[in-house]
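Index from 1, following the sequence. Only heavy atoms go into these numbers, but all of them, side chains included; no hydrogens, no water, no symmetry mates. As the structure is a prediction and not an experimental result, all values here were calculated from the model. Counting convention: from 1, in listed order, for ligands and their atoms alike.
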Amino acid sequence: MERTTCCVVGGGPAGMVLGLLLARAGVEVTVLEKHGDFLRDFRGDTVHPSTLALLDELGLAERFARLPQRRVTTVQLPLGPDRSLVTVGDIGALRNTYNYIAMVPQWDLLNLLADEARREPSFSVRMSTEATSFLVERGRVTGVRYRTSDGRTGELRATLTVACDGRGSLARSRPELGLRRFTCPMDAWWFRLPRREGDPRGLVGGAGDRFLTTMIDRGDYWQCAALIPKGTDGRRRAAGLERFMADFTAAVPWLADRAHTLRSWDEVKLLDVRLDRLRRWHRPGLLCIGDAAHSMSPVFGIGINLAVEDAVAAARYLVEPLRRGAVGLQDVRAVQRRRWPTTALTQALQRIAHTRVIEPVLAGRPPFGNPRRAQWMTELLTTSRWLNRVPAYFLAYGAVRERPPTASVR
Ligand SMILES: Cc1cc2nc3c(=O)[nH]c(=O)nc-3n(C[C@H](O)[C@H](O)[C@H](O)COP(=O)(O)OP(=O)(O)OC[C@H]3O[C@@H](n4cnc5c(N)ncnc54)[C@H](O)[C@@H]3O)c2cc1C
């Protein structure tokens, strides 16, 4: 029978950070990751100041700084006259060591965490291994059944199983955890366009008629996102790619000269935007964190950050019980109690952005109900340095800062 102390299902940002922190604290931890590597399609590149500060505490700041990256210091929304972009959060103005968002391909961050964790004798990661169901004994989750990509199956028993397997988590099928869904007005399309000499750098937004878009500078190409009203993917595709590119380039005219490089709809991926959270993140023997516990909207780009912070809090609360080999319900409950307020507040702000900005803009109406209110809001956010710092600090560090367990710090 295979056994470990902590079985982490999923090697995304939450799972890899948790694995590293626990292993450094001497806890035996096994991460199961269904893919063979971390090189996947685009899943977000933002590494926020709270994660940068964490990497520093873990002694990884220098290695992280060597990764190819771009720095973003401002957050802009299309709230100005004619939907021009205004800065609603100036992270660069914060007087903290890390006052920027680093744009780093997610696989580079995950590889760095995995390499570092592999140095710990108590850590192991099994790639190409998918957890297929939970082992449950007398109401307690005691591990998982798994299947490898070459068809082998097995059972891994654990004192605690942590579901870090994202928004399609195995745990979400458990009715006792209660999934609460919020309505989202939009879906997102993702595609790439070449980047050329003289283009802007970093994160660039655009707003057109019933249209919002963001471009992420990834060196030789732009990772482009286009927000479309929820459920209109099929209808819009039927209207033709040319029509879409005409709308897109009207919003972002400086990309018009290479719109023709997008040749087919196959190159445009749909992200079904979801906003939800579990009512209970735990049951005996099981804890859910990151997207498994709460899927976030792409608004503010903070899904990775929240997942990492969940992992840090979970490590801090669980190191001691895991070392003792006895994790009680009160231990996993403490993690939810700690992380729930930040999650609920962040989702509430995303819902406000959905209903007050994104939904009206996608319907061709002014944000915040009427142009005068939008102008008033814009002035408030841009003229008051203090008010401008509130969203900046929230984006950078979240509502509550999490500190790793002392035993994991280097
Ligand atoms: C297109 C897109 C763009 C995004 N952009 C941003 C952005 O710019 N900024 C931002 O902060 N967030 C962004 N996000 C959200 C962000 O990716 C997630 O919030 C974040 O990755 C959550 O981390 P996680 O570790 O909880 O889950 P995930 O990153 O989803 O990781 C889950 C891991 O578990 C593995 N897995 C799943 N099921 C199993 C199983 N049964 N067994 C074993 N392994 C399993 C998966 O392969 C994956 O590696 C974006 C998401 C998408 C899809």
Side-chain angles (χ1 to χ4, degrees), residues 7-19 30-48 50-51 72 75 101-107 109-111 113-114 125-134 144-149 156 161-173 187-192 203 214-216 218 223-227 268-278 281 287-311 314 339 343 346-347 350 395-396 398:
C7 168
V8 174
V9 180
M16 291 317 299
V17 169
L18 181 64
T30 306
V31 178
L32 306 184
E33 168 52 52
K34 70 177 176 183
H35 288 96
D37 56 35
F38 298 118
L39 262 181
R40 293 197 267 301
D41 214 2
F42 177 72
R43 295 191 327 174
D45 284 349
T46 48
V47 181
H48 288 238
S50 57
T51 307
V72 173
V75 177
I101 294 175
M103 308 295 295
V104 174
Q106 202 182 110
W107 54 79
L109 174 68
L110 295 177
N111 276 323
L113 295 168
V125 54
R126 298 192 195 175
M127 303 302 287
S128 307
T129 306
E130 179 175 4
T132 49
S133 60
F134 293 113
V144 294
R145 290 185 193 85
Y146 67 82
R147 186 179 46 229
T148 61
S149 56
L156 177 64
T161 302
V162 186
C164 300
D165 46 348
R167 61 189 202 158
S169 173
L170 270 184
R172 287 179 164 226
S173 59
D187 287 324
W189 277 341
W190 293 96
F191 54 94
R192 294 176 181 192
L203 197 67
T214 307
M215 276 72 56
I216 300 167
R218 299 191 98 195
Q223 182 74 52
C224 307
L227 296 185
V268 180
K269 308 258 163 45
L270 172 71
L271 171 67
D272 170 18
V273 175
R274 287 190 221 157
L275 187 68
D276 61 35
R277 63 175 177 258
L278 296 176
W281 298 11
L287 172 69
C288 304
I289 59 171
D291 271 20
H294 46 73
S295 344
M296 310 300 291
S297 148
V299 169
F300 311 135
I302 40 181
I304 300 170
N305 195 38
L306 232 66
V308 168
E309 294 281 286
D310 282 1
R339 295 299 303 155
T343 306
T346 311
Q347 290 187 327
Q350 290 186 325
L395 271 179

Student: What pairs with Arg172 under salt bridge (charged side-chain N to carboxylate O under 4.0 Å, His left out), at least two apart in sequence or on another chain?
Tutor: Asp276

Student: Report the part of Ile302 in contact with ligand 1, treating N, CA, C, O as backbone and CB onward as side chain, heavy atoms under 4.0 Å; options are side chain, backbone, both, neither.
Tutor: backbone

Student: In the structure I gave you, are the side-chain heavy atoms of Arg145 and Phe134 within less than 4.5 Å of one another anywhere?
Tutor: no

Student: Decide yes or no for Leu271 and Trp190: does some side-chain heavy atom of the first lie under 4.5 Å from some side-chain heavy atom of the second?
Tutor: yes

Student: If I apply the N/O under 3.5 Å rule, does Ile304 come out as touching ligand 1?
Tutor: yes

Student: Is it the case that ligand 1 has an N or O less than 3.5 angstrom from some N or O of His48?
Tutor: no

Student: Name the option, out of Cys164, Gly301, Gly10, Ser295, that contains the heavy atom nearest to atom 32 (C) of ligand 1.
Tutor: Cys164

Student: How does Ile216 reach ligand 1, by side chain, by backbone, by both or by neither, if only non-hydrogen atoms under 4.0 Å count?
Tutor: neither

Student: Any side-chain heavy atom of Thr30 sitting closer than 4.5 Å to one from Arg126?
Tutor: yes

Student: Can you name the atoms of ligand 1, numbered from 1 with element, that are less than 4.0 Å from a heavy atom of Thr129?
Tutor: 43 (C)

Student: Do ligand 1 and Asn305 have nitrogen or oxygen atoms that lie under 3.5 Å from each other?
Tutor: no

Student: Looking at Arg147, I want to see if its CZ is surrounded by more than 12 non-hydrogen atoms of other residues, nucleotides or ligands under 6.0 Å.
Tutor: no

Student: Between Lys269 and ligand 1, which residue portion shows a heavy-atom distance shorter than 4.0 Å: side chain, backbone, both, or neither?
Tutor: neither

Student: Checking Thr46 side chain against Met103 main chain: does a donor-acceptor pair fall under 3.5 Å?
Tutor: no

Student: Ignoring angles and geometry beyond distance, decide whether His35 reaches within less than 3.5 Å of ligand 1 through its nitrogen or oxygen atoms.
Tutor: yes

Student: Would you indicate which of Gly44, Ser297, Gly11 comes nearest to atom 7 (C) of ligand 1 when only heavy atoms are counted?
Tutor: Gly44

Student: With respect to Ala131, determine whether any N or O atom, backbone or side chain, lies less than 3.5 Å from an N or O atom of ligand 1.
Tutor: yes

Student: Between Arg339 and Asp310, is there a side-chain N and carboxylate O pair less than 4.0 Å apart?
Tutor: yes

Student: Could you see which bit of Ala307 sits under 4.0 Å from ligand 1, with heavy atoms only: side chain, backbone, both or neither?
Tutor: side chain

Student: Please check whether Ala14 reaches ligand 1 - meaning an N/O of the residue sits under 3.5 Å from an N/O of the ligand, judged on distance alone.
Tutor: yes

Student: Using distance alone, determine whether Pro13 and ligand 1 share an N or O pair under 3.5 Å.
Tutor: yes

Student: Taking 4.0 Å as the limit for heavy-atom contacts, which would you say applies to Phe38 with ligand 1: side chain only, backbone only, both, or neither?
Tutor: neither

Student: Below a 4.0 angstrom heavy-atom separation, can you tell me which part of Leu271, side chain or backbone, both or neither, approaches ligand 1?
Tutor: side chain

Student: Where does Glu130 meet ligand 1, judged by heavy-atom distances below 4.0 Å: at the side chain, the backbone, both, or neither?
Tutor: both

Student: Does any N/O atom on Lys34 come nearer than 3.5 Å to any N/O atom on ligand 1?
Tutor: yes

Student: Determine, using heavy atoms of Gln106 and all atoms of ligand 1, whether some pair is separated by less than 4.0 Å.
Tutor: yes

Student: Applying salt bridge (charged side-chain N to carboxylate O under 4.0 Å, His left out) as the test, list every pair that has at least one member in residues 298-309; sequence neighbours left out.
Tutor: none

Student: Within a strict 4.5 Å, meaning less than it, do heavy atoms of the Ser169 and Asp291 side chains meet?
Tutor: no

